Q: 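Handing you this structure, nothing more for now.
What you see is a predicted model, and the numbers here were worked out from it, not measured in a lab.
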Amino acid sequence: MAKSLRSDYRAGHVPFYAAANKTKFWDNDIPAAIELVLEEHERNPSAKSLELLGEYHINAGQNVVARALLNQCYREYGQLHITNLIFCKIPTTVALVDDDKKILYVALPKCASSTIKNYFTFARFGKTYGEQVHFNHGDMYRLVTAEDLATRYKDYYKFTVVRDPVSRLVSYFSSNISNKALRREAHGQQEFMGLSTTPGPVVVAQRFQQYRQMFIDFRHHTDPMTGYLRNMRPLLDDICKMSDLPRIRERLSEAYGVTIADERSMTTKENFELLDICKREFAKLDEFYAEDYRAFF
């Protein structure tokens, strides 16, 4: 399969990243995927190919090489996925910024980020997008540092929302993993490198670090909240809890001069027995989130 995909890539029939991802997931062949992306980067250097090389080296367990490649990508192109910024411990985060209203929001996955982003789209455009809202704020996304918060955005209202770490994991499992997010990332494969793409909570807890290594969706949604904020916490005006959503909605309604409806995105039908199992199993990961608990709870 890898040879066929490489031939299709060289013939221009498929983009390099599609050929590389399918080589990785369909053939369980990370080295072949690395080789294909390296070939592309040598031909046509780009941020996309360089970042993908770094991510594949994470999959391969070669973290030193991965950090070197990802840091190079950030230096040369000034961009990285937030989870790769966290992996490299680069003191930069991604924020939604409205310069006209002087509002800055640092979105953390599984902390009502879909809901709050829909608040912004309703306030600005008069409509909401459900889960697709993540693709409707291109003009607002911005890389920011602690220095930016202290200077350029000093007089902005700067806020974020945090959530109990175990509750975050439960939400990710019930809303994403259970709805085949990992299966989609794996291009429909039932397993990748011995990991089920539709695991139950017991397997997720037992093989947590392996899932973080192999699936960027998993790593992105399970990175500690302190990783997103690093040294920026003292510079934020508001570190809200989930219970503060009504107050956030009222503040944005006032800022934009509209009445934002009380809607929640990413709601799922609850299986209480499964939720109890999730809570019990994910509580075993509390040490991984020790810094989050110290910082926020």
Q: Would you say Y256's side chain and R251's backbone share a donor-acceptor pair under 3.5 angstrom?
A: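 Checked: no pair found.
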Q: State, yes or no, whether a side-chain contact exists between V161 and K241 at a heavy-atom distance under 4.5 Å.
A: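 With C-beta onward as the side chain, the pair stays apart.
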Q: Does the side chain of M225 reach to within under 4.5 Å of the side chain of C111, using non-hydrogen atoms?
A: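 They are in contact (side-chain heavy atoms under 4.5 Å apart), so the answer is yes.
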Q: Looking at every non-hydrogen atom in both residues, tell me the closest pair between P91 and M232 and how far apart they are.
A: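 Residues P91 and M232, closest heavy atoms: O-CE, 3.7 Å.
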Q: To the nearest 0.5 Å, what is the distance between CG (L143) and CG (L80)?
A: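 One finds 8.5 Å between CG of L143 and CG of L80.
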Q: With rounding to the nearest 0.5 angstrom, report the CG to CD1 distance, N59 to I34.
A: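 One finds 8.0 Å between CG of N59 and CD1 of I34.
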Q: Salt bridge (charged side-chain N to carboxylate O under 4.0 Å, His left out): which pairs involve residues 227-237, sequence neighbours left out?
A: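 Pairs touching residues 227-237 that pass the test: K158-D237.
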Q: Decide yes or no on side chain to side chain donor-acceptor pair (under 3.5 Å) for S4 and S7, but give the supporting numbers first.
A: CA-CA 5 Å; S4 174; S7 296; over 6 Å; no
Q: Provide the closest heavy-atom pair for A32 versus D29 in the form atom of the first, atom of the second, distance.
A: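 For A32 versus D29, the nearest heavy atoms are N-OD1, 3.1 Å.
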Q: Could you check if a side-chain atom of F296 sits within less than 4.5 angstrom of a side-chain atom of D164, using non-hydrogen atoms only?
A: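 Result no, sub-4.5 Å side-chain heavy-atom pair not found.
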Q: Kindly determine whether Y17 and E40 satisfy side-chain contact (heavy atoms from CB on, under 4.5 Å), including the steps that lead there.
A: CA-CA 9 Å; Y17 53 86; E40 166 67 18; over 6 Å; no
Q: Is there a side-chain contact (heavy atoms from CB on, under 4.5 Å) between F120 and I103? Walk through the geometry before answering.
A: CA-CA 10 Å; F120 277 108; I103 295 173; 3.9 Å; yes
Q: Tell me whether D244 is salt-bridged to R247, with the criterion being a basic N under 4.0 Å from an acidic carboxylate O.
A: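 Yes.
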Q: Do H220 and T83 have side-chain N/O donor and acceptor atoms under 3.5 Å apart?
A: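 No pair is found: no donor N or O on one side chain lies under 3.5 Å from an acceptor on the other.
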Q: What closest approach, in Å, do G194 and N28 show between heavy atoms, and which atom pair accounts for it?
A: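 It is N-OD1, 4.4 Å.
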Q: Could you name each residue pair satisfying salt bridge (charged side-chain N to carboxylate O under 4.0 Å, His left out) that touches residues 142-154, not counting sequence neighbours?
A: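 Checked against salt bridge (charged side-chain N to carboxylate O under 4.0 Å, His left out) - neighbours excluded - the pairs reaching residues 142-154 are D99-R142.
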Q: Keeping Q190 on the side-chain end and T197 on the backbone end, is there a donor-acceptor pair under 3.5 Å?
A: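 Not at all, since once roles are kept as given, no pair shorter than 3.5 Å links the two residues.
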Q: Report the C-alpha distance between D155 and K102 in whole Å, list the side-chain angles of each, state the deciding distance to 0.1 Å, and finish with yes or no for salt bridge (charged side-chain N to carboxylate O under 4.0 Å, His left out).
A: CA-CA 7 Å; D155 59 344; K102 292 193 172 183; 2.7 Å; yes
Q: When you compare the side chain of C278 with that of L169, does any pair of heavy atoms fall below 4.5 Å?
A: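 A side-chain contact under 4.5 Å is absent here.
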Q: Please report the interatomic distance CG(L52) to NZ(K24), rounded to the nearest 0.5 Å.
A: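 Answer for the CG-NZ pair, L52 versus K24, is 7.0 Å.
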Q: Do side-chain atoms of T92 reach the backbone of T145 as a donor and acceptor pair under 3.5 angstrom?
A: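 Absent.
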Q: Looking at CG of L53 and NE2 of H41, how far apart are the two atoms once the value is rounded to the nearest 0.5 Å?
A: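 So the CG of L53 and the NE2 of H41 are separated by 7.0 Å.
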Q: Take D98 and L104, measure what side-chain contact (heavy atoms from CB on, under 4.5 Å) needs, and give me the verdict at the end.
A: CA-CA 6 Å; D98 187 328; L104 183 150; over 6 Å; no
Q: Compute whether any side-chain donor of one residue and acceptor of the other, for E51 and N84, lie under 3.5 angstrom apart.
A: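 Note: E51 and N84 side chains meet the donor-acceptor criterion.
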Q: Nearest 0.5 Å, what's the NZ-OG1 distance between K127 and T121?
A: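 Answer rounded to 0.5 Å: 9.0 Å.
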Q: Is it the case that S253 and Y119 place a side-chain donor and acceptor less than 3.5 Å from each other?
A: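 Absent: no donor and acceptor within the cut-off.
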Q: Donor-acceptor check, side chain of T23 to backbone of A19, threshold 3.5 angstrom: yes or no?
A: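 Checked: pair present.
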Q: Go through the structure and list residues passing side chain to side chain contact (heavy atoms under 4.5 Å, CB included) with N71, not counting sequence neighbours.
A: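 By the side chain to side chain contact (heavy atoms under 4.5 Å, CB included) rule, N71 matches R67, R75, C88, I90.
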Q: Any side-chain heavy-atom pair from L195 and V203 closer than 4.5 angstrom?
A: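 Counting from C-beta outward, L195 and V203 never come under 4.5 Å.
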Q: Between R249 and D262, does any NZ, NE, NH1 or NH2 come within less than 4.0 Å of an OD or OE carboxylate oxygen?
A: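 Salt bridge: yes.
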Q: For V106, does its backbone N or O pair with a side-chain atom of T160 as donor and acceptor, under 3.5 Å?
A: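 Present.
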Q: For the side chain of R163 and the backbone of M242, is there at least one donor-acceptor N/O pair under 3.5 Å apart?
A: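 Answer holds: no.
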Q: Checking S49 side chain against S46 main chain: does a donor-acceptor pair fall under 3.5 Å?
A: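 Checking the backbone N and O of S46 against the side chain of S49, a donor-acceptor pair under 3.5 Å is found.
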Q: Taking E281 first and then K284, would you say they form a salt bridge - that is, a charged N and a carboxylate O separated by under 4.0 Å?
A: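 Result for this pair is yes, salt bridge flagged.
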Q: For T128 and G130, indicate whether the former's side chain and the latter's backbone hold a donor-acceptor pair under 3.5 Å.
A: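 A pair under 3.5 Å: no.
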Q: Using the test side chain to side chain contact (heavy atoms under 4.5 Å, CB included), find all partners of H187 that sit at least two apart in sequence or belong to another chain.
A: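 Applying side chain to side chain contact (heavy atoms under 4.5 Å, CB included) to H187 gives N21, K22, F25, W26.
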Q: Shortest non-hydrogen contact from Q213 to A60?
A: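 Closest pair (atom of Q213, atom of A60, distance): NE2-C, 4.1 Å.
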Q: Applying the side chain to side chain contact (heavy atoms under 4.5 Å, CB included) criterion to Y289, which one of V166, T226, T222 satisfies it?
A: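 Between Y289 and the candidates, side chain to side chain contact (heavy atoms under 4.5 Å, CB included) is satisfied uniquely by T222.
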Q: Only pairs at least two apart or in different chains count here, so list each ring pair (Phe, Tyr, Trp, His ring centres under 6.0 Å) that has a residue in residues 140-179.
A: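 Ring pair (Phe, Tyr, Trp, His ring centres under 6.0 Å) check on residues 140-179 returns Y105-F159, Y153-Y156, Y157-F159, Y172-F218, Y172-H221.
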Q: Could you state the interatomic distance from CZ (F215) to CD (E55), rounded to the nearest 0.5 Å?
A: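 Interatomic distance, F215 CZ to E55 CD, rounded to 0.5 Å: 13.5 Å.
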Q: Where is the tightest heavy-atom contact between Y56 and I30, given as atom of each residue plus distance?
A: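 So the two residues come closest at O-CG2, 3.6 Å.
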Q: Determine which pairs satisfy salt bridge (charged side-chain N to carboxylate O under 4.0 Å, His left out) with at least one residue from residues 210-222, sequence neighbours left out, and list them in order.
A: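 Non-adjacent pairs meeting salt bridge (charged side-chain N to carboxylate O under 4.0 Å, His left out): R212-D223.
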